[in-house]
Structures are given as C-alpha cells and as structure tokens.
Number of protein chains: 2
Amino acid sequence: MDLKQIRQQLAKNNLKATRPRQAILEALAQASGWVTAKSLFDKLSGQEANIDFSTICRNLELLSSIGILCRVDRDSNGIFAYSLSEMDEHHHHLICRSCGKISPMEFCPLQQLNSTQTAGYSELECRFEIYGCCRDCQGKQGK
Amino acid sequence: MDLKQIRQQLAKNNLKATRPRQAILEALAQASGWVTAKSLFDKLSGQEANIDFSTICRNLELLSSIGILCRVDRDSNGIFAYSLSEMDEHHHHLICRSCGKISPMEFCPLQQLNSTQTAGYSELECRFEIYGCCRDCQGKQGK
DNA sequence: AATATAAATGCAAGTACTTGCATTTATATT
DNA sequence: AATATAAATGCAAGTACTTGCATTTATATT
Ligand SMILES: [Mn+2]
Ligand SMILES: [Mn+2]
Ligand SMILES: [Zn+2]
Ligand SMILES: [Zn+2]
C-alpha cells in the first residue's frame with residue numbers, strides 16, 4: 001500500500017490528512033519495519049514536528065483499525081508494535097518470543113470456525129497471534 | 001476444577017499455597033464469574049487480608065499461565081478479566097463487545113493450522129479471542 | 001474566498017498494571 | 001523441631017498508554 005492508496009483509504013473513512021498524521025505515516029514508511037509508539041515519539045520529537053504522545057497512540061490505533069497498519073502485542077505485555085501492512089488482505093502474525101521477529105500468516109481462524117460456535121453473534125472479529133521460538137533462536141536458550 | 005485439584009496443580013508447578021494466593025483463589029471460587037484485578041483488590045481490601053495490588057496481578061497472571069484460571073482481554077484495552085477455568089481442556093473465548101459476556105469455545109486455531117505456516121518454530125502458543133455482539137445485545141444499538 | 005462543521009490535536013490527569021528489590025514465608029531436608 | 005532455600009510478598013517507583021476537554025485544523029459547502 002503506497003502513500004496514494006493510503007490517502008484514498010483515509011478519505012474513504014472520513015479521516016483527515018493532518019500534519020501529525022502525515023508525519024506518522026512518513027516515519028512508518030521510512031522505518032519499513034515495526035515501531036512502537038515510544039520509538040515513533042522519540043524519532044518525531046527530534047524533528048520540528050513535536051507531536052504529542054497521545055496523538056501518536058491514537059493514530060496508530062486508528063490506522064490499524066482501518067487496515068493501513070498491522071498491530072501486534074509483541075510480548076503480551078501491553079507494548080504494541082506497528083507497521084505499514086505488508087499485504088492488502090486481512091491476516092495475522094507469528095511472533096518469535098526470543099528475538100521479536102514478526103511474520104505475517106494468511107490463515108485466519110474466523111474463516112475456519114464452525115459457525116455453531118458463534119451462533120447468534122454478529123459483527124464478529126478476532127484477535128489471533130501465534131508465539132513461538134524461531135529457527136534462528138533455537139539453541140540460544142532462554143529469552 | 002475444585003480446590004483439591006487446584007492445590008495439586010500448584011504443587012506440581014512448585015508454587016506455594018501462600019495466604020494471599022489462597023485468599024485470591026477463594027475469592028474467585030465465591031465470585032463464580034469473571035473478575036478483574038481491581039475488583040478482587042477492592043473485595044479483598046475490605047477483609048482482614050489486605051493484599052497488595054501487585055500480588056494480585058502477579059497471581060492472576062501466574063495462575064492463568066498454569067491453566068487454573070482463564071484470562072481474557074475483555075475490551076482490548078488492557079483490562080483483563082479472569083475466572084476459574086470452566087473446563088479442563090485448553091480453550092479460547094467468545095466475548096460480547098456490548099455486554100461483556102464471555103463464553104468458552106473449544107476450537108483452538110493452533111490445531112487447525114497448516115504446519116507449513118509455522119515451519120521452523122518451536123514452543124508454539126497462541127492467543128485467540130473472538131469479539132462480537134451477542135443475540136441479547138443486537139437491537140440495543142451501540143455499546 | 002469565506003464559512004460551517006466534524007475530526008483531530010495538545011495538555012493534563014488518570015488508569016491498570018509492571019518491575020526491582022529487600023524482606024518474609026512455605027516447603028523440603030536434616 | 002530446627003534449618004535451608006526457593007518462592008512470594010509488599011512497597012515504591014516506573015511504564016505505556018488512555019481519557020476528557022478546550023482549542024485547532026482540514027475539508028465540504030456556500
Ligand atoms: Mn501484517
Ligand atoms: Mn475459559
Ligand atoms: Zn527469533
Ligand atoms: Zn452481549
């Protein structure tokens with residue numbers, strides 16, 4: 001998803017292309033990997049921008065909710081990692097507990113689910129992440 | 001899982017049956033539903049117990065990790081809900097975004113997963129929750 | 001170009017844990 | 001029963017957001 005598509009996506013969702021929001025998206029594009037609210041804040045604070053930490057958090061969450069960003073709970077400790085989505089389709093992530101590496105997975109359990117388990121429920125969404133120890137990290141013991 | 005089984009489960013994991021821990025487990029047994037760290041803290045603070053909030057958080061997390069408790073992120077906002085596990089087997093949960101109702105689901109996506117997606121990874125675990133709007137809450141709009 | 005309006009921001013205060021560390025306590029061993 | 005030891009606790013400080021609200025700003029309409 002390039003910046004042109006992102007602007008369209010914003011417009012489609014009635015979201016404004018504010019200066020802070022654009023600075024955040026540009027920083028994400030430059031980073032070309034995963035960032036945290038804090039790492040973005042530190043990066044953007046150096047520049048003239050000076051964007052509030054709460055603005056960053058709100059944007060990361062909002063942009064994730066419309067599919068522009070991916071978000072994962074890297075250590076299951078409330079520190080979220082974000083990146084520009086690596087693919088257009090809905091997907092989930094596989095996370096190495098040891099080195100923090102994050103890989104996309106096409107599999108979505110919601111599609112596999114026998115619908116009797118969610119009978120009567122509407123507006124279904126799921127949260128799904130797999131944690132493990134990647135090949136590079138096996139041998140090197142512990143975290 | 002009754003209190004006898006719980007004690008065995010603790011011993012098996014080299015966990016002590018401390019006074020705070022037992023008070024927490026008893027409170028959970030009485031509550032017979034879902035509680036938060038804060039609701040437990042408020043309840044136990046009234047009594048002679050007077051257990052530190054961090055002790056409660058640490059126990060809830062620890063007891064969840066050995067399967068005595070279930071834990072869910074009810075509103076995806078970092079407030080966790082806990083209960084004594086309703087079943088012995090590993091399982092996940094379906095959560096109503098509107099009323100907060102939590103129902104167990106036997107389905108575990110990790111078992112359904114094509115193993116090529118996690119090739120090279122060991123010690124796999126998954127986090128999986130489904131959010132939706134339950135039958136009772138449909139009609140009543142919004143949250 | 002001026003105006004209206006909904007969205008977004010920045011600030012300050014709040015929330016829900018989380019962590020480090022010295023001290024206490026439950027259990028196993030003698 | 002006394003002792004050793006690993007586990008757990010309580011306290012204080014820290015972290016990572018989150019929320020409410022007055023003010024600002026981007027976009028659509030006139
Ligand atoms: Mn992704
Ligand atoms: Mn359960
Ligand atoms: Zn790794
Ligand atoms: Zn409901």
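Each chain gets a letter, A, B and so on, in the order its sequence line appears, and its residues count up from 1. Because the structure is a prediction, the values reported are computed rather than measured.
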For D88(B), does its backbone N or O pair with a side-chain atom of S85(B) as donor and acceptor, under 3.5 Å?
-> no
What integer distance in Å separates N13(B):CG from dA6(D):P?
-> 18 Å
How long is the line joining CG of D73(A) and P of dT18(C), in whole Å?
-> 10 Å
Atom NZ of K38(A): over 12 foreign heavy atoms under 6.0 Å = no
Minimum-distance pair of heavy atoms, taken over all atoms of Q22(A) and A17(A) = NE2-O, 2.8 Å
Whole angstrom value for the distance that separates P of dT15(C) from CG of D42(B) = 12 Å
Quick one: label F53(B) by what it contacts on the DNA or RNA (base, sugar-phosphate, nothing), any heavy atom closer than 4.0 Å.
-> base
Specify the separation, in whole Å, of atom CG of L10(B) and atom C1' of dA6(D).
-> 16 Å
Contact letters for nucleotides 7-14 of chain C, in which S counts primed atoms plus P, OP1 and OP2 and B counts the base, heavy atoms under 4.0 Å = BSSBB---
Show your working on side-chain hydrogen bond (donor to acceptor under 3.5 Å, both in side chains) between H91(B) and E86(B) and close with a plain yes or no.
-> CA-CA 10 Å; H91(B) 62 283; E86(B) 324 88 332; 2.9 Å; yes
Polar side-chain atom of T118(A) near backbone of Y121(A) as donor-acceptor pair, under 3.5 Å = no
Using Watson-Crick and G-U wobble pairs with both distances under 3.5 Å, what is the 5'-to-3' dot-bracket string of DNA chain C, with [ ] for crossing pairs and | for pairs outside the strand?
-> ||||||||||||||||||||||||||||||
L94(A) and Y131(A): same hydrophobic cluster, using ILVMFWY side-chain contacts below 4.5 Å?
-> no
Atom CZ of R71(B) to atom C1' of dC17(C): distance rounded to whole Å?
-> 11 Å
Quick one: F80(B) CZ to dC17(D) C1', roughly how many Å, whole number?
-> 13 Å
Check whether any side-chain N or O of Q5(B) sits under 3.5 Å from a backbone N or O of D2(B) as a donor-acceptor pair, and report yes or no.
-> yes
Check whether NZ of the Lys or CZ of the Arg R71(A) lies under 6.0 Å from the centre of the six-membered ring of F80(A) and within 45 degrees of that ring's axis.
-> yes
Consider only side-chain heavy atoms of I, L, V, M, F, W and Y, link residues closer than 4.5 Å, and tell whether L62(B) and I6(B) are in one cluster.
-> yes
Map C57(B) and R7(B) onto DNA chain C by nearest heavy atom, then report which one ends up closer to the 5' terminus.
-> C57(B)
Rounded to whole Å, OH of Y82(A) lies from P of dA16(D) at a distance of 13 Å
Between dT18(C) atom P and E61(B) atom CD, what is the distance in whole Å?
-> 7 Å
